[in-house]
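Taking it in order: structure first as structure tokens, then the write-up.
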Amino acid sequence: MLKIYNTLARDKQVFKPIEANKVRMYVCGMTVYDYCHLGHARVMVVFDMVYRWLKSAGYDVTYVRNITDIDDKIIKRAAENNESIHTLTQRFIDAMHEDADALGVQRPDHEPRATQFIPQMLQMVEQLEQNGLAYKAADGDVNYAVRKFEGYGKLSGKSLEDLRAGERVEVASEKNDPLDFVLWKHAKEGEAEEVKWDSKWGKGRPGWHLECSAMGTELLGKQFDIHGGGADLQFPHHENEIAQSEGAHGCQYVNYWMHNGFIRVDNEKMSKSLGNFFTIREVLKKYDAEVVRFFILRAHYRSPLNYSDAHLDDAKGALTRLYTALKSAPADVGGVDWNEVHAQRFKAAMDDDFNTPEAVAVLFDLANEVNRSQSTEAAMQLKALAGVLGLLQRDAQTFLQGGSVPEGLDDAAINAQIEARIAAKKAKDYAAADRIRKELLEEGVILEDSAQGTTWRRA
RNA sequence: GGCGCGAUAGCAAAGCGGUUAUGCACCGGAUUGCAAAUCCGUAGAGCCCAGUUCGACUCUGGGUCGCGCCUCCA
């Protein structure tokens, strides 16, 4: 029985899908004006894990992760680069897919782009206007009248009074209430034609919050099961989505809200604005993508996760132990035997709000079992179980010999040295054998002797 | 200022009202020509102060500290 921590209830709740055996979930994706950083990697990997676990549990899952391809920052960046927003966003969408693929993130069932759902967005604004929740301001923007929506703040736990009390310095605004947010931004002079769409309120473009409500509704319906995103989206983004969708449709929007914790650097949130971010591709130059995925999954998705080379090194060492246990595992291991004791512990952990640290601990216990018993069944079970998390699916030797920086000596050179060392050992010339081993070690190659012969891996 | 989250061994990170989390590092042993890998074993924890309880790292209250949101942010 799966339990999910629902931000709306601030508690773990038993998961009950709207439609038996079907799950419809939506995750806020990227605004594509730059390369993805590690924080984006965490969202992608975490919800990929959720997606995989739901499917593994037998659900028919429809997973939507949107792409914001129209937004102030995109317009600004495109102007700076003197290129069209389409060229800009397409480039970063491609880059995002490369990063996601590297991290073993499965493609969502739908990746809607905001610019392809403008009619649905306008329709929603119209509905909100009819329901008395939207108004056109003097500056031409169409805003959402927050105070007219009962229940505003139910997700973030903020009341309108609290929000007003905590208000920051507000720029001069045409809003009826400073907390109102924009549904439709009027077009400004000098803006490219490609960022303007016609509407009954005049030319303009959609507000960010509106995009997700409209795309979610279009692809998943007025009410769906799970909505995810980073913890920073809880307010105002998700709060506003609720106001829009429930205000327009009059029914509950989402049943379970999930929010992942941040990646931190030196104990501070990694973000564009703080400038302390590392892009995924930057990190992948130094660390194997599976190490990064493992690093993310060995922490609970709601906990903060500090990024540093030391922690990545630690994750690499741990993953190496798991792969070492799989050295003689067959390539094709088949499915998981869910009746086996480790699998049951694994399932219990995953069903408890996706407790991947606990699930990973089970993997280590199973690795110990594999090493002790040399059982092929145990090895197959380990690989199959890890596969549920999108881990350990490569050939163990490939992983172990790949190393973080696949450069230096090539395989042939290493094997030649190993042969030379075997000859030296046969001749009882241990000084020569040790010298070869030491030289290889200096090249980052670690030798391991066993009854079956000598194998090597990269440090 | 308002709202929320967290504090676990050297580092990272979970569960649990009483019985080994787990990984890395450390110590002892097995194995090895010596290593590495592996196995066996030891050691090491729960921010502070109260309370509840036969018993609290785990529950309650109060502190302290850290982080996040209240503006675009995954």
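Chain A is the first sequence line, chain B the second, and so forth, proteins listed ahead of strands; every chain is numbered from 1.
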Rounded to the nearest 0.5 Å, what separation is found between the CZ atom of A:Arg42 and the CD1 atom of A:Ile280? 13.5 Å
Using a 4.0 Å heavy-atom cut-off, does A:Lys428 contact any base of the nucleic acid, only the sugar-phosphate backbone, or nothing at all? nothing
Members of residues 38-47 of chain A that approach RNA chain B, where some heavy atom sits under 4.0 Å away: A:Gly39, A:His40, A:Val43
Any side-chain N or O of A:Trp456 less than 4.0 Å from the OP1 or OP2 oxygen of B:A36? no
Suppose we define a pair by two distances each less than 3.5 Å, Watson-Crick or G-U wobble; what does B:A7 pair with here? B:U64
What interatomic distance, in whole Å, is found between P of B:A25 and the corresponding atom of B:C3? 46 Å
Nucleotide-resolved protein contact map, nucleotides 37-46 of chain B, B/S/- at heavy-atom distance under 4.0 Å: SSSS------
If a protein heavy atom is under 4.0 Å from the base, mark B; if only from the sugar-phosphate, S; if neither, -; do that for nucleotides 4-9 of chain B going 5' to 3'. S-----
By a strict heavy-atom criterion of less than 4.0 Å, which residues belonging to residues 415-426 of chain A are in contact with RNA chain B? A:Arg421, A:Lys425
Could you check whether A:Asp48 and A:Tyr63, counting side-chain N and O atoms only, form a donor-acceptor pair closer than 3.5 Å? no
Is any side-chain heavy atom of A:Ile93 closer than 4.5 Å to one of A:His97? yes
Pairing partner of B:U53, by Watson-Crick or G-U wobble and under 3.5 Å for both distances, is none
Indicate, with a heavy-atom threshold strictly under 4.0 Å, whether A:Asn355 touches base, sugar-phosphate, or nothing. sugar-phosphate
Beyond-backbone contact of A:Leu2 with A:Phe354, side-chain heavy atoms, under 4.5 angstrom: yes
Contacts of A:Phe15 meeting ring-ring contact (aromatic ring centres under 6.0 Å, His included) (sequence neighbours excluded), chain-then-number -> A:Tyr59, A:Tyr256
Would you state whether a donor and an acceptor, one from the side chain of A:Lys272 and one from the base of B:C73, lie under 3.5 Å apart? no
Would you classify A:Leu233 as touching base, sugar-phosphate or nothing, given that sugar-phosphate means primed atoms plus P, OP1 and OP2, and contacts are heavy atoms under 4.0 Å? sugar-phosphate
Using Watson-Crick geometry (N1-N3 plus N6-O4 or O6-N4) or G-U wobble (N1-O2, O6-N3), each under 3.5 Å, B:C39 is paired with B:G29
Assign A:Phe235 to base, sugar-phosphate, or nothing according to its heavy-atom contacts below 4.0 angstrom with the strands shown. sugar-phosphate
What residues form a salt bridge (charged side-chain N to carboxylate O under 4.0 Å, His left out) with A:Glu369, not counting sequence neighbours? A:Arg372
Within the 4.5 Å heavy-atom criterion, are A:Met258 and A:His227 side-chain neighbours or not? no
Just checking A:His37: base, sugar-phosphate only, or nothing, at a heavy-atom cut-off of under 4.0 Å? base
Which is true for A:Ile263 with a 4.0 Å heavy-atom rule: it touches a base, it touches only sugar-phosphate, or it touches nothing? base
Quick one: pull up CG in A:Leu305 and CE in A:Met270 and give me the separation to the nearest 0.5 Å. 9.0 Å
Most 5' of A:Ala310 and A:Asp314 on RNA chain B, judged by nearest nucleotide: A:Ala310
The residue, A:His237 or A:Val360, whose nearest nucleotide of RNA chain B is more 5′ is A:Val360
With sugar-phosphate meaning primed atoms plus P, OP1 and OP2, does A:Gly228 contact a base, only sugar-phosphate, or nothing at under 4.0 Å between heavy atoms? nothing
According to a cutoff of under 5.5 Å between the ring centres and under 30° between the ring planes, does A:Tyr430 stack with the base of B:G33? yes
Quick check: do A:Pro112 and A:Leu219 have side-chain heavy atoms less than 4.5 Å from each other? yes
Please name the residue in the list A:Tyr253, A:Tyr152, A:Trp257 that meets the ring pair (Phe, Tyr, Trp, His ring centres under 6.0 Å) test with A:His238. A:Trp257
Salt bridge check, A:Asp34 against A:Lys73: does any charged N sit closer than 4.0 Å to a carboxylate O? no
